[in-house]
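All chains are named by letter (A, B, ...) in the order of the sequence lines, taking the proteins before the strands, and each is independently numbered beginning at 1. Hydrogens, waters and symmetry mates play no part in the numbers below; they use all other heavy atoms, side chains included.
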Amino acid sequence: MIGGAERLARRQRRLAFALVAPAVLLILVIYVIPMVLVVLTSFTDYSLVSNGFDWIGLENYRHMAEDEQFGNALRNTLVYALVFLPGAFFVPLFLAIAIQSQKRFRSVFEIVYFLPVTSTLTAMALVWSALMDSRQGILNNVLTSAGLPAINFLGSPDVVLYSLAGITLWSIIGFNMVLFLAGLTAIPSSLYDAAEIDGASHPVDRFFKVTWPMLAPTSVFVAVTSSITAFKLFDVVAILTQGKPAHASEVFLYLTFLEGFEYFNMGYSAALSVVFLGVIFLFALVQTLLADRTTHH
Amino acid sequence: MTDMTAIAPARIRLARISPGRVLGFVILALGAWVVVFPYIWMISSSLKPTDEVYDADFTIWPRTFAGVQNYWDVLVGQPYPTFLLNSLIVCGGILAAQLVTAIPAAYALAKLRFRGQTILLGTVVACLTIPINVTSIPLYLGVVKAGLLDTYLSMMLPFLVSVFAIFLFRQFFRAYPDSIIQAARVDGFSEIEIVLRLIVPAAVPAVAAFSVFSFVAHWNDLYWPLIVVQSQEKMTASLSMMQYRSEFDINYGRTFAAATVVTIPMLIVFLFARRAFIRGITMSGVKG
Amino acid sequence: MARLTLTDIRKSYGGTEVLRGIDLTVADGEFLSLVGASGCGKSTLLRIISGLESPDAGKIALDGRDVGSATPKERGVAMVFQDYALYPHMSVAQNMAMPLIMARLPMYARLPGARWLTPNHRGTRSGVAAQVERVARQLRIDHLLDRRPAQLSGGQRQRVALGRALVRDPSLFLMDEPLSNLDAKLRVEVRREIVELHRASGLTFVYVTHDQTEAMTMSDRVALLRDGRLLQVAAPGTLYADPASVEVARFVGTPEISLLPAVAEPGGLRIGTVLAPCAHGLTSGRDVIVGLRPEALAPVGMPALQSPGGRGPRLRLELAVEAVEDLGAEVVIHARLRDFPDLAVRMRSQKTLERTGPVPLPDHLTAEAPLSALLMFDAEGQRLRDPAPVQMAGAQ
């Protein structure tokens, strides 16, 4: 004798399997199996242009240590991130606080700063390359008319990473600003009242006693997602510099792409992908640890 | 009590706040100009003949108006309608598949009990951190083996399920009161009816936010189309910009007319669905 | 310690007048409650007193000195918020120390991390810590000093909020519905503690609440607000026994006062078919409203319930009973005039000591009230005092 409740539970279980089946199948095909394969490939010398492959163990990973291109790409990514990250964090934070205190033009600014986030970066990168043109670009026109020397923004090995950082900053600032704005509006106004009563009426005190600590979870999120974004730099390099000049803009993900889809060194490229994922996992871990420490509820 | 001899009158205290706000406004306005200028320059250049684009003294309105010619060339002479249509098909297909797979799975994860539930949820969360860049090699090899290179299906394949959507909708569904679902069961609703008539309508804000988010993200994606698209017939709008790496077009006015054509659709989507889009972004904060 | 004087305070938000000319004086060491329904302007008034908000017009003075342009810090006010507004990222001790740190350390020493870079302020910091601990002991929260607000119960948070307000010897102690987030039992407990705190500190308290019981039981005086105007400011007993208007009379006291329309006649006031034989000095035919507190009316000839008190001439009403609420020691009876069912009457009667069980009530009964208990209002609801139908003695 089976009761009604058991029959309902059984029916629910059957239904649940049916509901998750398509998603499970696709997750296997898109995530799980490729993840296993990418790790396996990274232990081989598989190349699309040759038939067959050998298991070479950790050789691909060992190769990274002596691979100059890898070291170069790592260095480039790091330099780029060191320029990009402070800008991607503090500029949006400042903008969010400034916009929060505006009354009338708040939504206008919100829209304007957010426009680049929705824009097709490949198209806008073309525009930026025109603005940054070494001879006729408008930026250099401004510089020379101010009596300053012209800069070869995208053609000079010393400058190209900064230029790319400038373009990607332009495209991401609105995104982080929106996150900060959401964090700011979530701070209860009574805390600011209490601070005022306690004598913290100076903006510096208000910022350090209320805004900054209350924004901590948002800050962690912004910092980590921006770090991952910095590490994933690809589009602008692919369309504007292709790693040039002299490999000065060859960043980690672009190198991985080159090894895999230009030189067809699938084994090595897979090893680079695994390292790439390792770094992202590390960021996710940092975020989880910090998120626990910064939330107060 | 504090000494009050040194206190300024109320009007001056109010005035003390406003210089900061005025300064903030000035900086915001300057920054806004920097942010908007590339668009102004792009649209302005798209209306100019090629020799005027890099003219030393920039004017917003062209001296010789070549806008009609440029846009006519791009939309009729070059395959941009195809590129836009390809993007539309791919993004629309991806979004439809993502919603169809994520909504039922998220409901089951949120409100039903079944074996393997915890493992599935754990897998979904773990997959949140895996970007397409990591799995692209095996996916590419699979596409090659299946002979699917340069097809719409291969362009959509890695995105047919969105673990982000599953996670987001699960969070949303979990907040849906159990008592209403139980009441519906007592009233004789089947589980499918519960999903379609109660849960989905309640999830409209989350679905809308995710939809705009997904559509814009895939419209702007370059990485995967760059790998699987080989012919011009299958190029997406975003990928089409890669043609300008080489001397695809030496008419600069026409080049930036093309850039405008590619960029405008998502700008329009954003202006009309601004709230949904921004909600989508702030909701992504919950995954942390 | 301070005497607070408000003169013609006005405030509007976007065309809506929230405060329409408030004149109020709170004596040094007094406990004054601002009471009213939500939206009456009481919280706005409190924020104006604190300095968080500026009035559009009017003067605020502390001990006779105009403080209209002073910041909250300069006014030296302390405030307890409805949601307590504790800083969630700070420990209890840090929360309570905030006002002192702000007052005693210069800006550079208050910046994050400055604690380790400014050893010259160590003395100040330990002084602050000692004071925090003293207040914490007084409030019996000294064992919680290292906890975060999220780790505290509602009652404990409430005490921390009080502590933060108490540490720095405020001139004025402001409270914005501080009990509304506590459960009923704790509310009664903390209510007593706040009264005790007021007595011990001797400070001037301004207490905002929508709850008449809180206001009546805690305050020296109650200020009743409605639509941005003060209806009456008086001691709780006076407010009950001698309300200035129908609105005040209805707001104070449960069950609500019974209000019966009446017409002035040469021989007294006609309520329905009954004539209350009282002297009123009004022109004949004038419409008035007669108010009767529930305990003024008592059933006649029912040994289970105490008979009506008072002496002298009485008003006698024939009633049809509608509902009875037996509260154990007393019964509340909802009834209507038998000949005039439009008029509803509420009465509250104590049970006699020998009869504490259930009280059987007939469908119809006769009730009496001493004429001295009648409150008379004009048709607009304003109190008619002269010549009054003799003030009701010993209210409550």
Could you measure the distance from the NE2 atom of H202(A) to the CE atom of M107(C)? Nearest 0.5 Å is fine.
4.0 Å
Separation between CE of M102(C) and CD of E196(A), rounded to the nearest 0.5 Å
11.5 Å
Contact check, side chains of S190(A) and D176(C), non-hydrogen atoms, under 4.5 Å
no
A quick test of your reading: do over 12 heavy atoms of other residues, nucleotides or ligands sit less than 6.0 Å from OH of Y162(A)?
no
For Y113(A), enumerate each residue passing the ring-ring contact (aromatic ring centres under 6.0 Å, His included) test, keeping only those at least two apart in sequence or located in another chain.
none
What one should report as the nearest heavy-atom pair of A200(A) and M98(C) is CB-CE, 4.3 Å
Backbone N or O of A216(A) within a donor-acceptor pair of the H89(C) side chain at under 3.5 Å?
no
So which atom in P88(C) and which in L191(A) form the shortest heavy-atom distance, rounded to 0.1 Å?
CD-CD1, 3.9 Å
Picking from S189(A), P188(A), A194(A), A195(A), which has the most non-hydrogen pairs under 4.5 angstrom with chain C?
A194(A)
Is it true that, when you exclude D146(C) itself, more than 12 heavy atoms of the residues, nucleotides or ligands shown sit nearer than 6.0 Å to its CG?
no
Sort A165(C) into side chain, backbone, both or neither according to what part of it lies under 4.5 angstrom from a heavy atom of chain A.
neither
State, with a plain yes or no, whether a side-chain heavy atom of D198(A) is found less than 4.5 Å away from one of Y87(C).
yes
Counting only non-hydrogen atoms closer than 4.5 Å, does L111(C) touch chain A with its backbone (N, CA, C, O), its side chain (CB onward), both, or neither?
side chain
Output yes when R47(C) and D193(A) qualify as a salt bridge under the 4.0 Å nitrogen-oxygen rule, no when they do not.
yes
